[in-house]
Amino acid sequence: MNKNDLVGVVADKATITKAQAAEAVDAVFEAITGALKGGDEVRLVGFGTFAVSKRKASTGRNPATGAEIKIPASNQAKFKPGKGLKDAIN
């Protein structure tokens, strides 16, 4: 499922236009992104938790040449599914 498919499903389930559904989906994505940028977690009970994980700087190897490369520290978005989502797909 891609974003357009999601917008279509939201429009059908909520009985709204696709334009309105696209605005709603975009608003949800923006809210989650904004919270993560601010260092907050987003907990959706029964669905899951979005959080930011900090990765330390490390040393890796270029697979083509074998040369060592430095991998800088970074922030990664993580998602941990909740019990409701786990139960729904099992």
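Side-chain atoms are counted along with the backbone in the values below, which use heavy atoms only and exclude waters and symmetry mates. The structure displayed is predicted, hence computed values, not measured ones.
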Test log, rule side-chain contact (heavy atoms from CB on, under 4.5 Å), inputs V42 and F79:
CA-CA 9 Å; V42 178; F79 176 75; over 6 Å; no
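Counting heavy atoms from C-beta outward, N4 and L6 have side chains that stay 4.5 Å or more apart. When side chains are defined from C-beta on, Q20 does not count as touching V10, because their heavy atoms never get closer than 4.5 Å. F50 places a side-chain heavy atom less than 4.5 Å from the side chain of L36.
To the nearest 0.5 Å, the span separating CG on D12 from OG1 on T15 amounts to 9.5 Å. Interatomic distance, K78 NZ to N75 CG, rounded to the nearest 0.5 Å: 11.0 Å. Remark: I69 CD1 to T59 OG1 distance equals 9.0 Å, nearest 0.5 Å. Within the model, atoms OG of S53 and CD of Q76 stand 7.5 Å from one another, a figure rounded to the nearest 0.5 Å. Between the NZ atom of K80 and the CD atom of E41 there is a distance of 9.5 Å, given to the nearest 0.5 Å.
Note: the hydrophobic cluster containing L44 also contains V52 (ILVMFWY, side chain heavy atoms under 4.5 Å, direct or indirect links). A continuous path of hydrophobic side-chain contacts links V7 to M1 [ILVMFWY only; heavy atoms under 4.5 Å]. Side-chain heavy atoms closer than 4.5 Å link hydrophobic residues (I, L, V, M, F, W, Y) into clusters, and following such links, even through other members, never connects F29 to I16.
Put simply, the side chain of R55 never gets that close to the backbone of A73: no donor and acceptor are under 3.5 Å apart.
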